[in-house]
Structures are given as C-alpha cells and as structure tokens.
Amino acid sequence: MDPIHRGPEDFGHDSDGYGEESGRRTQPRAQLTNDFGQQPTQQARVVQVFSGDFLLTVNPVDGSEVELRPPGEHPPVPVRRSAAERTDRERAAAPPVPPGPPAPQLPLLERQEERERLVRLLARGRSVRLTGPAGSGRTALLSAVAADCADLAPDGVVRLSGLKRTVMDVLYGLFEAVHDAPLFRPDRAVLLEELRSIGAVVVLDDLEFGGAALDELLDATPECAFLLATTPDVPAPTADAHLEEVFLAGLGRSASVALLEQVVERPLTDDEANWAGDLWFESEGLPLRFVQAGALLRQRDMGRTDPTAYDEQGYVAGWPVDDVFAKGADAEGQDVPLPSPGEGAAPAALLASRLSGPARDTLHFAVALGGEVPHQAHLPALVGDTHADAALGELAGCGLLSPAGSRYRLAPGVVAQLEAAGYGEDADDRARTAARHYAWWAGHPSVTAARAVAEADAIVAAMARLVPGDGAGQASAAVLLARSAAPAFAAGLYWSGWEKTLRLGQEAARIAGEVAEEAYFHHELGVLALCNGKPDRARAELETSIGMRGALADKSGAVAGRRALALVADRSGALPGGRTPAGEALPAARYDESASPPGGIPAAGPMVLPRMSEDDTALISRVAPATGTDGFGGRKAALGGARRNLVAAGAGVLLAAVLGTVVALSMPSSSDAQDGGSVSTEQSAGEDDGENGLPADEPADDSTPGGGASSSGSPSTPGPSGSRITPSGTGAPSSESSGPSDSPRTDRPTSGRPSSPGTPTKSPSRTPTKTPTRTATATPTETGPTDTSTPTGTPTDTTPPGTSDSASGPSTTASASGTSPEPVVA
C-alpha cells in the first residue's frame, strides 16, 4: 500500500467496494473511554441560572433545585452590547431566508408620508402607536422606519415581537437585547433599574396588550421611544399614556395595480387590470391581498406556458414571449381563466392546491399548530421527505407566510381559509406527530436552550392541541413533550413559555393518570413561583408535589420538595397551622421561668393584707384584674421570657418588704392579744369559690350567723390569711383551725421557705375545702381555765396532749391541704 496515498483501510473501510454499506467502520473513541475509567458523556443538560438572590439548578432528570445564592458566587455583571454586537444579534434573530430562488423585493408604495411622520416623532423622543388592519403592511413600514432611525439613540434600534408575549416578556427581551448577561435573570427591582438607563428606539411589532399593561411598559423605560404596531381589536391605551396615534389605511387603486405588477414581474393585460380593480374594491386596498393575487397570476402563467419552452436548467431558450405563453396550452385548447372574485378574496385554498406535496403537508402541520410553521430544519423529519425544506420557499413566494420575530407563521386569515378547505381534519394526528418529534429533539443534548426557545411557540401549540383531545395517546405525548421542553425553556430564560409548558404538562399528566409526572410539574411550578416572588403559590404547588411523591414513595423527590418548601418558609415566615416545612408538627412551646419568689406568688383577685385592729387600714390592696387577663393578673401574652422573669423578681422583692413591715407592726400588738382576746383561724375562700358552689362573700360553714359576730356577741376582726381574731372573756387566747379534709391532697408546689414565728403566710393553695372545724384550746401556763365559745352545732375536738400552745410562743396549726403550717399570732 502506498504510504502517501492512503487506501480505504485507513478510513475504516475494506478495500472491496470503497464507500459501500458493506464497509466496516471503526468504533468511535468515545465508546472506548470506559475502558480507561472515564465516565461516559452525560445525556442530561444541567444548567445553573442566577435569578435574583436565588441559584436555580435546572436538572431535566430529577427536577429543578433552588437555593439562596452562595456567598462566594455572584451573577455576571450585565455588560452593554456594542453597535456591532447589536447588529450581529439582530441578524441572527431575523427569520431564516427561505430556500429556493430569491423572492422579488417589493417597494413601499404610498407610505412615504407616514414614514416621514413616524421618523420625526421618534426623533423627538415621542412614542407612537401605529394601528392598522391585518395585512395592511405594518411590518414592511416598521422595517423602513427602523432603518431610518438607526443613529437616533445611543443604544440603537431594538426590534421585538409582541406576538403572544406579556409585558414582562417584552421588558426582559429589551434587557437581553441591550445587555450581555448569560444565565442571569434579574429580579424585578434590578430589571427596572437597568431598564431606566436604556436609551433606544424600540420597534415592537404585533403588540397584543394595551391599557394598564402598556402604561407599565412605558413607565419602566422612560428613556426609550416606542414604535408599537397593533391591530384595531387590541385594547386602547389609557388617557394618561403619552402616545401619538397613527392609523394605517389600505393602498389606492393605482398603487395596488402597481404592486400587483411588481409581484407578477410583467405588465398586466386589460382583463387582469379590470380584475385587479374589482379586487381592490373588495379588499379595501390591503397589500397582502395583492401579493397573494400576484401569486395566483404567476401560477396561471405557469399553466399557460409551453413546457417545451424551457431548457433543462429551467430557463427560456430564446423563445418570444407570445410563443412561450402559447394559446390553448391546456388539454382542450382553452386559455386558463382568471380567478373568480371569491377566489381572489380568499385565495389560500386555490394557492395550496397548486403547490407541491411537501408544501401541502407543511400547511397541514401549520394548521394543526394554530398557524405556527415549524422551522425548515424540522420539515424533512415531519413530512418524511428529504427535500421538504424547500416547501418554505414555495409558501413564502405565494404570500401564505408572514414573519413573526425569528420565525414564520401563516399570514392573517390563511388558517381559517385552509380549515374551510379541509386542512384541519387530521389536525390531532399531525399535532401528535409534531409532539413526538419535538420531544425527541428538545431533549437531545446537542440542542441548545436558545434553539429550543426559538421553536417555543410551535412546541406550546402542539401541546395545546393535544391536552384537551380525546384521542388515544394524545395526553401521554403531551406529557413527554412537556417533560423534555420545560427544562430547555427554563435554561433559555423564557419563563413565560416555561410556565405554559408546565401547566399544560400538569393537565395532560392528570388526564393520562401519570401521577409521578404530575408531581414533577407541581414541583417545577412551585420552584418557578418562588423565583418569581410568589410564596403563597409556591407553597401550594410544593405541598401538592410532596404529597404525591410521598404516596409514590419517591424519597428523593420528596426531599427536594421539602428543601424548596423550607426556603419558601424562610422567605415568607413560618407555615400556617403549626407545621414545619417538612410537614411535621411543631413541638410545644417551652418557656424558661425563674423560681417563685419567697412567700409565693400572690393569687389573682381582691386581696387585703391583714390589719391588727379595726382602726388600722390595709397597707396594700390588690385591684381586681380586668377582663381578659391570665391567672396571675397580667395581660395575656404581654410578658414573656426574660421580661416575665424580671417582673416576677421585682414582685418577690416588693412582697418581702411588705411582709417585713407587717411583722414589724404586729409585734407590739401581741401582748394585747394575750391580755384580752383569742385568736381563731379558718380557711379563707379563694376567688374561684363562686364557681365551686361557695360564694366568696358568704361565710364558711363554721362561721357564726349574723354578719360576722360570734355566738357570744363579741365582734370578730379578720386576721392573717383570712382568720378572725375574737376577743375572749377570760383573757386566754384560743385558736380555731380547720381539721383534716376529706378532699384529695393537692399537688401544687409550695414555697420551700419555712415560715418564721409571727410571720403570717398565705397558703398558695387556691382550692376551697369545706371541712368540719375542730377547735383546739390552748391552756396557758398561768392560772385560770380557758373559756372557749363555740358556735352551736359545730363539732369540736380537743387537742391531743402535747399539742397545746405555751405562753412562750405562738401555736402552729397544720393545714389540712398539705401546705406549710400557718403561725397564729399570740
């Protein structure tokens, strides 16, 4: 073998039959890399997008994840594009040139006055709303005005499409046209700040919104001058909108005939001129009608042409014109007649009948997609013909297409005319075929997000056709397409298309019964709502997704949903209903309080500290708590944590001071009590006694009837802890205490501090008890018996030996409720 001229063996083919199918091809190197321990190429397209304060990771396999932007990572700083970069971007965003022979360049007839007026208004910085019917040539006029205004603004001319776009889509489109910020979608605040500094002439075609939305667009871009092209059926701007209105009418008769001659590229005959006059009267001079009428005349010329007049390259071989258009070229020797007035008014069906098979199939797909024409690169796969991309040139030459942004769609009125001709009978089958093709194409790793976004309208239209359909496999095809296209739209920053795709996919999954896919779409909708600053909608979508994935035992999906839901809770506060973002119940609230002050916490309700005689006044009295207070007499939930501890400590200090004062005042009166009175104690009624059947103002069972007087007629005085001090006739003190109680022992904690002699202590127990009272008679060491007066009917009991009070100290009676004993003042 010649070492210089390599044979077919070096290219992976056998020497027998170079280039034939029997040749053996070597394996690609990518398939051999696994032997060296390298990982194969990932088929998933994982993209990280900065959205405000969030970092969004678009994962087509497991679902998108959102988190707060890490401290070390920052979004790219938006950089303004230069004039050359804007020109290159505009050229790339223009619709592709249809294959085939170039179409004739049509002049702009009878539009010079409107053209000059628009340029003057834009040069003054005024925004203009150009209103005209569909097919009036608005797009051609906008192109001419944009060329005249190329040097008016510092940021040049920005051309946008408003077809199926919201006001936020237009604002983000303007930001991307002027700034270079890949994979960065600013939040609303940053977006408005960047838009205020843009100074450009914005040419917006096919605008579909007005009113308040249009005011929002104008207010967000104060340094821009807008040229808005719209139809009369679009809502009008508000009265406060500073817009100049320019109305665009049809062409005159002479201009319409001249346009028709430009399309046909020859002078019209008398019959054709009369036919054009009738068409002008019926169409009101719309330029689109005459472009389509010129296509009809060209097809008529092709039918009248002698097929032998052209050589093999398709050119006329020097024949005279009269001989080329031979009379009687049809089978019957009759000339091809002119179209009827009805065919001239609605020429789409007649034009389509004279096109090639691939071109007609393309029209079938366009009707199924609601007027959206697939890109010419997709036509061979959809139609099944390798030369189907040439069909786009045929349709454009007939006037059946009109540019819309970076793509083509059927011209106004063509969809209705073709549906009337039967082109929409197989729309569901065509849409299902398109959905399967786009699902494979959008999910392929080689397809960039920008290419997927350019075909977004056709993809969304295919899903919209399939979702409400009842055909077999339609919903499943829509789910597959939405699953493949949604991550591409998210990575391409076309989030309105992302939301449309997710909602259509969620509805299709619900119809098809695919719960796992429905949970995926709910999760993505929650992530999208979180990035758009809608926490309530994000919480609802994420909770629905977590519930579905929990039912399916999808642990990884549920964990991803809980992470996003936790971020929602972090941005908007705690979840309602006492639940954590993961769905668990919140633990009971725990409050750390300080220990009770010495002497206990005073009970709520009216309380009067003891006085030793009727002449003495109360030192401190507590006012009854107001309505809506808690058990401690304070406002509900007014104090908490450390503040409550501080108040409790202060109350303890004040109570200690008061008790010390009471002790000091009671010490001199002890001798008087020994000389002429006896001390009796009984349990006081708490503030809750009224609820248990014992009113607080009524005396206890052992009290003496008659308004507080004893049986002997001696007056009684309230003592410490609700006791009454009754003077005795003999001068010996007698104590009256309550006996053992039949009620169960309470578990309320008491102050651990023992009571000192002579210090009155109020029991913290507030549970009232009705017990029989036993009277213990304390016999002093001095002479003389003790006369104790006891109410009639009250059981008495003598104190066992060894329990009597001595004269040297006060007697102490244990409380039946289990509390600390109370001292009796001697």
Side-chain angles (χ1 to χ4, degrees), residues 95 97-111 114-115 132-144 205-206 229 231 248-269 272-303 338-355 359 362-363 366 371 373 391-404 407-418 421:
V97 178
Q105 297 295 328
L106 302 179
L108 192 64
L109 303 176
E110 289 189 356
R111 302 300 189 197
E114 290 85 353
R115 180 177 180 177
S136 59
R138 292 176 286 109
T139 302
L141 181 59
L142 291 182
S143 300
D205 197 5
D206 298 324
T231 54
L248 194 63
L251 302 177
R253 179 168 182 174
S254 59
S256 300
V257 174
L259 179 61
L260 185 59
E261 290 179 347
Q262 291 288 335
V263 175
V264 181
E265 297 181 337
R266 63 174 179 84
L268 301 179
T269 63
E272 292 173 346
N274 295 333
W275 178 75
D278 297 338
L279 180 62
W280 173 83
F281 180 78
E282 186 275 333
S283 65
E284 298 180 354
L286 294 179
L288 178 61
R289 296 289 184 87
F290 287 91
V291 172
Q292 296 173 350
L296 287 176
L297 293 181
R298 286 203 312 269
Q299 290 179 350
R300 177 174 176 265
D301 292 340
M302 294 297 297
L338 288 172
S340 64
E343 293 174 342
L350 183 59
L351 288 171
S353 63
R354 299 174 179 178
L355 296 176
T362 303
L363 290 177
V373 180
L392 199 64
E394 294 185 50
L395 299 177
C398 294
L400 298 178
L401 300 182
S402 61
R407 64 194 188 279
Y408 288 100
R409 59 178 290 110
L410 294 182
V414 174
V415 176
Q417 298 175 23
L418 293 178

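These numbers come from a predicted model, not from an experiment. In what follows, every heavy atom counts, from backbone to side chain, and hydrogens, waters and symmetry copies are set aside.
P403 places a side-chain heavy atom less than 4.5 Å from the side chain of T139. P347 has its side chain within reach of L296: a pair of non-hydrogen atoms, C-beta onward, lies under 4.5 Å apart. Using a 4.5 Å heavy-atom cutoff, the side chains of W275 and L297 are in contact. Proximity of L355 to L363: side-chain heavy atoms (C-beta onward) are separated by under 4.5 Å at one or more points.
In terms of modelled atom types and a separation under 3.5 Å, the side chain of Q417 and the main chain of A349 share no donor-acceptor contact.
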Can I get a per-line list of side-chain donor-acceptor pairs under 3.5 Å for residues 254-265, giving both atom names and the distance, sequence neighbours left out?
unit_1: S256; atom_1: OG; unit_2: G252; atom_2: O; d: 2.7

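Taking each heavy atom of L248 and S136 in turn, the nearest pair found is CD2-O, 3.8 Å. When every heavy atom of L395 is checked against every heavy atom of A359, the shortest pair comes out as CD2-O, 4.2 Å. Between A411 and S402, the shortest heavy-atom contact is CA-OG, 3.8 Å.
D205 CG to L141 CG: the interatomic distance, rounded to the nearest 0.5 Å, is 10.0 Å. Going from atom CG of L401 over to atom CZ of R409 covers 10.5 Å, rounded to the nearest 0.5 Å.
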### Task
Any chance you could lay out the salt bridge (charged side-chain N to carboxylate O under 4.0 Å, His left out) test for E272 and R300, step after step, and finish with the verdict?
CA-CA 11 Å; E272 292 173 346; R300 177 174 176 265; 3.1 Å; yes
### Task
Give the C-alpha distance, both sets of side-chain angles, the deciding distance and a yes or no for side chain to side chain contact (heavy atoms under 4.5 Å, CB included) between L251 and R111.
CA-CA 9 Å; L251 302 177; R111 302 300 189 197; 3.8 Å; yes
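Under the salt bridge (charged side-chain N to carboxylate O under 4.0 Å, His left out) criterion, R354 pairs with no residue, sequence neighbours left out.
Applying the salt bridge (charged side-chain N to carboxylate O under 4.0 Å, His left out) test to residues at least two apart or on different chains, the pairs with a partner in residues 284-298 are E282-R289.
Taking a cutoff of 4.0 Å between a charged side-chain nitrogen and a carboxylate oxygen, E114 and R138 do not qualify as a salt bridge.
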